[in-house]
Amino acid sequence: MAYKAFDLSGRVALVTGGNGGIGLAMAEAMAEAGADICIWGTSEAKNAAALEKLAAHGTKTAAMRCDVSDEAAVDRTFAETVERFGRVDGCFANAGVSSGKNAGFTEMTTEEWRRVMSINMDGAFYTLRAAARHMTERAANGDAFGRLVGTASLAAISGAARNEHYAATKGGLISMIRALSVELARHQITANAILPGWIETEMTERSFGWDKFAAAVKPRIPARRWGQPEDFGAIAVYIMSTASSYHTGDTFLIDGGYFLF
């Protein structure tokens with residue numbers, strides 16, 4: 001018999017950037033555990049393909065187009081999500097972009113800095129703020145339960161050369177999550193960050209396809225493989241479940257042991 005605390009039936013999870021990679025894998029795992037799922041993404045084609053995968057799990061699902069760097073769009077789409085599902089129990093601020101082609105910090109343009117910051121940092125702020133407002137309002141009405149989750153990165157705690165803007169957004173996200181965990185605990189809302197290591201996704205395809213990079217990095221991973229999006233399903237189910245009710249303010253580093261080695 002499955003552990004009952006991991007049954008997510010009746011819960012609703014929102015995953016931004018949920019139409020591919022880690023976001024979709026987390027969404028699928030939660031759907032398999034019984035949760036209703038709403039994903040946000042900017043690609044209509046990817047949204048449709050992801051929705052088809054999610055529908056196979058038999059729970060209520062939806063895919064909405066939303067650019068999280070647009071404050072008004074986030075507030076509007078969050079309201080639409082609540083209208084369609086009735087509630088949002090867990091909000092996974094997972095949408096993000098990697099750095100563009102960059103010669104180094106001294107050559108980084110303000111436009112490139114703002115591009116990454118607007119999605120990874122501002123977008124997470126807009127999304128988590130909308131969710132926190134909704135969850136605290138529900139708590140005030142006697143329905144206290146909430147899960148706020150930010151997808152950060154190994155880059156937040158290691159020296160990510162030529163990726164200072166990306167690292168800054170992920171480090172800032174961890175700090176924001178920790179502050180939220182303290183501020184919102186009284187409302188039975190937890191806040192945690194997930195830190196992926198070297199994971200094989202569309203975002204890392206260019207780096208992993210570079211033989212010199214792969215030869216230098218892969219041997220340093222004690223697990224001796226690149227991470228897969230599916231490696232994040234279990235942590236998403238745990239965070240969304242009642243089993244994690246007293247677990248807040250944490251950073252879940254999922255990297256096959258890379259950081260320690």
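We're numbering straight along the sequence, starting at 1. Hydrogens, waters and symmetry mates play no part in the numbers below; they use all other heavy atoms, side chains included.
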Atom CD of Gln228: over 12 foreign heavy atoms under 6.0 Å: yes
Thr77 OG1 to Asp70 CG distance, which is reported to the nearest 0.5 Å: 8.5 Å
Contact summary for Ala152 and Pro196, nearest pair of heavy atoms: O-CD, 3.3 Å
Any donor-acceptor pair under 3.5 Å from Arg65 side chain to Ser43 backbone: no
Parallel, tilted or perpendicular, as decided by the 30° and 60° cut-offs, for the rings of Trp226 and Phe208: parallel
Ser153 (side chain) donor-acceptor with Leu195 (main chain) under 3.5 angstrom: no
Minimum-distance pair of heavy atoms, taken over all atoms of Arg115 and Ser118: O-OG, 2.9 Å
Donor-acceptor contact below 3.5 Å, side chain Asn47 vs main chain Thr42: no
hydrophobic_cluster_shared for Phe145 and Ile37, side chain cutoff 4.5 Å: no
Residues, nucleotides or ligands: over 12 heavy atoms within 6.0 Å of Asp211 CG: no
From Met30 atom CE to His57 atom NE2, the distance as rounded to the nearest 0.5 Å: 11.0 Å
Charged N-O contact under 4.0 Å between Asp89 and Arg11: yes
Residue of the set Thr248, Val88, Thr190 for which side-chain contact (heavy atoms from CB on, under 4.5 Å) holds with Arg147: Thr190
Thr127-Trp40 side chain donor-acceptor pair, cut-off 3.5 Å: no
Short side-chain to backbone donor-acceptor contact, Asp122 and Ser69, under 3.5 Å: no
Whether over 12 other heavy atoms sit under 6.0 Å from Glu230 CD: yes
Over 12 non-hydrogen atoms of neighbours within 6.0 angstrom of NZ in Lys53: no
Distance under 6.0 Å and angle within 45° of ring axis: Arg220 vs Tyr258: yes
Rounded distance [0.5 Å steps], CG in Asp250 versus CG in Asn192: 6.0 Å
Atom of Met176, atom of Met121 and distance for their closest heavy-atom approach: CE-CE, 3.6 Å
Path from Val182 to Leu128 over hydrophobic side-chain contacts below 4.5 Å: no
Phe213 and Trp210 aromatic ring geometry - parallel, tilted or perpendicular at 30°/60° bounds: parallel
Phe252 reachable from Ile174 in the ILVMFWY side-chain graph, under 4.5 Å edges: no
Hphob cluster co-occupancy, Val15 + Val12, side-chain heavy atoms under 4.5 angstrom: no
Side-chain heavy-atom pair Asp231, Ile199 within 4.5 angstrom cut-off: no
Distance (rounded to the nearest 0.5 Å) between Met135 CE and Asp143 CG: 10.5 Å
Main-chain N/O of Ala95 paired to Thr16 side chain as donor or acceptor, under 3.5 Å: yes
Heavy-atom donor-acceptor pair, Asn141 side chain to Ala139 backbone, under 3.5 Å: no
Partner of Thr61 by side-chain contact (heavy atoms from CB on, under 4.5 Å), out of Asp36, Leu54, Ile39: Leu54
Verify same cluster id: Tyr238, Leu24 (apolar side-chain graph, 4.5 Å): yes
Sequence neighbours excluded, every pair satisfying salt bridge (Lys or Arg N to Asp or Glu O under 4.0 Å) that has a member inside residues 252-261: none
Approximate separation, where rounding is to 0.5 Å, of Cys66 SG and Tyr126 OH: 11.5 Å
Verdict with reasoning, Arg84 to Glu80, per side-chain contact (heavy atoms from CB on, under 4.5 Å): CA-CA 6 Å; Arg84 183 174 298 193; Glu80 291 172 2; over 6 Å; no
Arg186, CZ atom: more than 12 neighbouring heavy atoms under 6.0 Å: no
Between CZ on residue Arg129 and CG on residue Leu148, distance to nearest 0.5 Å: 13.5 Å
